[in-house]
Peer 1: 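My questions all concern the structure below.
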2 protein chains.
Amino acid sequence: MDAVTIKDIARALNLSTSTVSRALRGSYEISAETKRLVMDYAERINYQPNPIALSLKENRSRVLGVIVPQIANNFFSQAINGIEAIAYNRGYHVIIMQSHESLEREVLTVQQAMARRVDGLLISISSQTNNLAHLHAIQQRNVPIVMFDRVSAELDAPKIVADNFGGAFAATEHLIQTGRRRIAFVAIPPYMAITQDRLAGYKAALTQYGLPYDDDLVRFVGFQEHEFDPVIDDLLRLSTPPDAFFMAFDRLALWCMTALRKRNIAIPEQVSLIGFTNISVAELLDPPMSTVVQPAQEIGQTAAERLIELIELKEKAPATSTVKIPNTLIVRESTKRKTE
Amino acid sequence: MDAVTIKDIARALNLSTSTVSRALRGSYEISAETKRLVMDYAERINYQPNPIALSLKENRSRVLGVIVPQIANNFFSQAINGIEAIAYNRGYHVIIMQSHESLEREVLTVQQAMARRVDGLLISISSQTNNLAHLHAIQQRNVPIVMFDRVSAELDAPKIVADNFGGAFAATEHLIQTGRRRIAFVAIPPYMAITQDRLAGYKAALTQYGLPYDDDLVRFVGFQEHEFDPVIDDLLRLSTPPDAFFMAFDRLALWCMTALRKRNIAIPEQVSLIGFTNISVAELLDPPMSTVVQPAQEIGQTAAERLIELIELKEKAPATSTVKIPNTLIVRESTKRKTE
DNA sequence: TTGTAAGCGTTATCAA
DNA sequence: TTGATAACGCTTACAA
């Protein structure tokens, strides 16, 4: 049983396809009676317009391309959740693609999305992406882009991010207020904007509370777990070791918890632990770790809303604007007690 | 700058569109010289065939619909990962939709997918889905379906699942071999096939090792965390309480860990804990819990492969086949020591 | 108020 | 070896 077309309706009702088309969209130039006739029949045989034909005609696909480093990642799967919610409400579908943290694959993926004629692109760039030529190229084709989470100053596009500065400030402030003085800050490579912002928040809190900034306490690691343990050991061997660990990245916080457990360092009796992370892990396992929870879903929603606006209004260059969605600080035992 | 079409090439080269079309697909009836000419020019101006026009012509979209209860769930995001990997290799795109564990939304979602003219459907049904009329309907429209993970015997379609029986058997066997005798089994509502299979594996292992089956040790809970704690308390109050907990569902395992910690019940000194779960949580947090790891990604891959086969071969009714992908048992401290 | 015809980008059929 | 034309499903001038 093949799908019903306007032609089928026209034939059955002895009308022309254009009359049927107009009747279905409620055009004023069609008599009420014909309209009813067509509508009823269409309903009865379960007519559904073919979106592919429409896309061809209207030269748009009603599809949003979403490019993320990884789908199987709490943050991104929640963000996608938010994107989908908005997209479906507005009549768009979403095609999700992964760059696998590789610039090369990201470029390919962007090309694929263009080949698929997406109406707009939501992208969170890979950690390797230091060149945005592929994105500039599609902007020249007049396909709107919205960046989220992993954004870059080098592209003139709306950006939706968590308030990384504010979140890091709040986390650091909280540690200070609960009596910690030597706060280690560990993040992923420093060329990413999110890292920069979090580091700035950390520094600002130290300054505001009159604590010195110590380069020895600030470390950057890669994406491999084996790079992590030496960093912790190094920190612990300092002449004045840290009394708190602030892990400015999702996975780092979990690795740190494991590393401290292995070394029998008690949280929070000996050190405090706080991390940027996602609600699911944070809530399910009730870990000994306070958390700056990232508003992943809201970021996705906001980004999708912004993109659809751009697509539908087609205003030229609504200028680069960066929206910061606030984080939520969840305090647990790990950082509650004062130690001094 | 709009996308380049075959017409543009034809005009520029003073050829007809049909010649260009044939040249681009390397048809034998076009002279080598013309071919080169066309190919070179197409390359130079970066021609990309419009997939929408193709879809209309060929009456297929090269899109797979994927319906899952939730995207923001480790198992499903990994499964989607596997699906995407296969799909992109075979030239398909993937549209992901969520049923949010609701039959009503699942029905809507299936209709949407059909309206979008997907070439095939991959579905993991919601926990509320007790009626498969919506799926039968699309089978009648000759759109192939493959079910994965959450499957139902009531639909005649290929099914890809984890080896739930085998995994539960292995977990139970492991607990028995490490000296446990009173093994609690907790799962989600019993009408789901996965629950049935896991329960059967549990029973089979008891039988094989000559242990009695005790109804008191087997419990079913809903999806809400507050339903969970009373069940644990109930089990602990038994005249002979369990010496091991087997949580036959992802979230339950995590809840159980938290519940036991709250009650100061030591793992594995007092009880063993083992659960069905996902690799990411299991690995990252190094929890005191052995795990039957579900091959989420492989399930996704296999399901996608099967679906694409069905789409492309268009064999009629390749019959219902159920593929079981083995689980992996990861043993940790939580179940290692013998207690008796 | 309704119908005819052209067009969106591509391929297939038939002619030249 | 190449070109003209029709067709996929739909919308929209333009005509009736």
Side-chain angles (χ1 to χ4, degrees), chain A residues 1-39 41-42 45-63 91 114-119 141-143, chain B residues 1-39 41-42 45-63 91 114-119 141-143:
Chain A
M1 177 176 110
D2 257 12
V4 182
T5 77
I6 269 191
K7 261 192 200 164
D8 298 324
I9 302 182
R11 204 175 310 125
L13 263 42
N14 240 314
L15 291 169
S16 75
T17 58
S18 47
T19 305
V20 174
S21 170
R22 279 182 281 236
L24 285 171
R25 16 198 62 251
S27 165
Y28 64 96
E29 30 181 47
I30 300 292
S31 75
E33 198 197 0
T34 310
K35 264 187 204 166
R36 219 187 21 70
L37 205 67
V38 172
M39 300 277 211
Y41 185 73
I45 64 173
N46 190 27
Y47 167 77
Q48 305 221 255
N50 183 332
I52 294 171
L54 266 178
S55 290
L56 186 58
K57 186 96 185 63
E58 298 178 353
N59 197 25
R60 62 142 161 197
S61 58
R62 285 200 163 273
V63 170
M114 291 307 294
R116 267 277 159 182
R117 305 297 200 264
V118 298
D119 288 344
R141 296 241 223 148
N142 268 322
V143 175
Chain B
M1 179 175 112
D2 258 9
V4 183
T5 77
I6 271 191
K7 264 190 197 165
D8 299 324
I9 303 182
R11 205 174 311 124
L13 264 41
N14 239 313
L15 291 169
S16 74
T17 57
S18 41
T19 304
V20 173
S21 170
R22 277 183 284 233
L24 285 171
R25 17 198 61 252
S27 164
Y28 64 95
E29 26 181 11
I30 300 292
S31 74
E33 199 197 2
T34 311
K35 264 187 206 167
R36 219 187 20 72
L37 205 66
V38 172
M39 301 276 211
Y41 187 72
I45 63 173
N46 190 28
Y47 166 77
Q48 306 222 256
N50 184 331
I52 295 170
L54 268 177
S55 290
L56 184 59
K57 188 101 190 50
E58 297 177 356
N59 196 27
R60 63 140 159 200
S61 59
R62 287 199 161 272
V63 169
M114 291 307 293
R116 267 275 159 182
R117 306 294 200 265
V118 299
D119 288 344
R141 296 242 222 144
N142 268 323
V143 175

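So you know, we letter chains A, B, ... as the sequences are listed, proteins then strands, and number each from 1.
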Peer 1: For the helix from C:dT1-D:dA16 to C:dA16-D:dT1, how many degrees between its two end axes (five pairs per end), to the nearest 10°?
Peer 2: 60°
Peer 1: Please tell me if the side chains of B:Asn50 and B:Thr5 come closer than 4.5 Å, counting only heavy atoms from C-beta onward.
Peer 2: no
Peer 1: Should we say atom CD of B:Glu33 is surrounded by more than 12 heavy atoms from elsewhere, each under 6.0 Å from it?
Peer 2: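 Counting neighbours around CD of B:Glu33, 12 or fewer heavy atoms of other residues, nucleotides or ligands fall under 6.0 Å, so no.
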Peer 1: So which heavy atom on B:Ser16 is nearest to which on B:Ala10, and how close?
Peer 2: C-CB, 3.9 Å
Peer 1: N/O contacts under 3.5 Å, protein versus nucleotides 13-16 of chain D?
Peer 2:
unit_1	atom_1	unit_2	atom_2	d
D:dA13	N6	A:Arg22	NH1	3.3

Peer 1: For B:Gly91 and A:Arg116, work out which heavy atoms get closest and say how close.
Peer 2: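 Closest heavy-atom pair between B:Gly91 and A:Arg116: O-NH2, 4.4 Å.
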Peer 1: Suppose we screen for side-chain hydrogen bond (donor to acceptor under 3.5 Å, both in side chains). Which residues come up paired with A:Thr34, at least two apart in sequence or across chains?
Peer 2: A:Ser31
Peer 1: Just verifying a value: how many Å separate B:Lys35 NZ and B:Leu24 CG, rounded to the nearest 0.5 Å?
Peer 2: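 Atom-to-atom, B:Lys35:NZ and B:Leu24:CG are 11.0 Å apart.
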Peer 1: Atom CG of B:Leu37 to atom C1' of D:dT1: distance rounded to whole Å?
Peer 2: 14 Å
Peer 1: side-chain contact (heavy atoms from CB on, under 4.5 Å) with B:Val38: which of B:Ile30, B:Val20, B:Thr19?
Peer 2: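 Between B:Val38 and the candidates, side-chain contact (heavy atoms from CB on, under 4.5 Å) is satisfied uniquely by B:Val20.
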Peer 1: Among residues 51-59 of chain B, which contact DNA chain D at a heavy-atom distance under 4.0 Å?
Peer 2: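 Within this stretch, B:Leu56, B:Lys57 sit under 4.0 Å of the strand.
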Peer 1: Within the structure shown, what part of the strands sits under 4.0 Å from B:Ser21 by heavy-atom distance: base, sugar-phosphate, or nothing?
Peer 2: base
Peer 1: To the nearest 0.5 angstrom, please state how far the CG atom of A:Asn59 sits from the NZ atom of A:Lys57.
Peer 2: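 Answer for the CG-NZ pair, A:Asn59 versus A:Lys57, is 10.5 Å.
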Peer 1: Rounded to whole Å, how long is the line connecting atom CD of A:Gln48 with atom C1' of D:dG9?
Peer 2: 14 Å
Peer 1: Determine, step by step, whether A:Arg22 and A:Leu15 satisfy the side-chain contact (heavy atoms from CB on, under 4.5 Å) criterion, reporting the C-alpha distance in whole Å, the side-chain angles of both residues, the deciding distance to 0.1 Å, and the verdict.
Peer 2: CA-CA 11 Å; A:Arg22 279 182 281 236; A:Leu15 291 169; over 6 Å; no
Peer 1: Among residues 6-17 of chain A, which residues get a heavy atom nearer than 4.0 Å to DNA chain D?
Peer 2: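 Listed by number, they are A:Ile6, A:Lys7.
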Peer 1: Roughly how far, to the nearest 0.5 Å, is the CG atom of A:Leu37 from the CG atom of A:Leu13?
Peer 2: 4.5 Å
Peer 1: Rounded to the nearest 0.5 Å, what separation is found between the CD1 atom of A:Ile52 and the CD atom of B:Glu58?
Peer 2: 10.5 Å
Peer 1: Starting at NZ of B:Lys7, measure out to OG1 of B:Thr17 and round the result to the nearest 0.5 Å.
Peer 2: 8.0 Å
Peer 1: What do the steps show when you test A:Met114 against A:Val143 for side-chain contact (heavy atoms from CB on, under 4.5 Å), and what is the final call?
Peer 2: CA-CA 9 Å; A:Met114 291 307 294; A:Val143 175; 3.4 Å; yes
Peer 1: Determine the minimum heavy-atom distance between B:Ser61 and B:Val118, stating which atoms define it.
Peer 2: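 Nearest heavy atoms, B:Ser61 then B:Val118: OG-CA, 3.7 Å.
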Peer 1: Provide the start and end nucleotides, 5' to 3', of the part of DNA chain C that has atoms under 4.0 Å from heavy atoms of chain B.
Peer 2: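 Listed 5' to 3', the contact boundaries are C:dC8 to C:dC14.
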Peer 1: Does a side-chain heavy-atom distance below 4.5 Å link B:Arg117 with A:Pro51?
Peer 2: yes
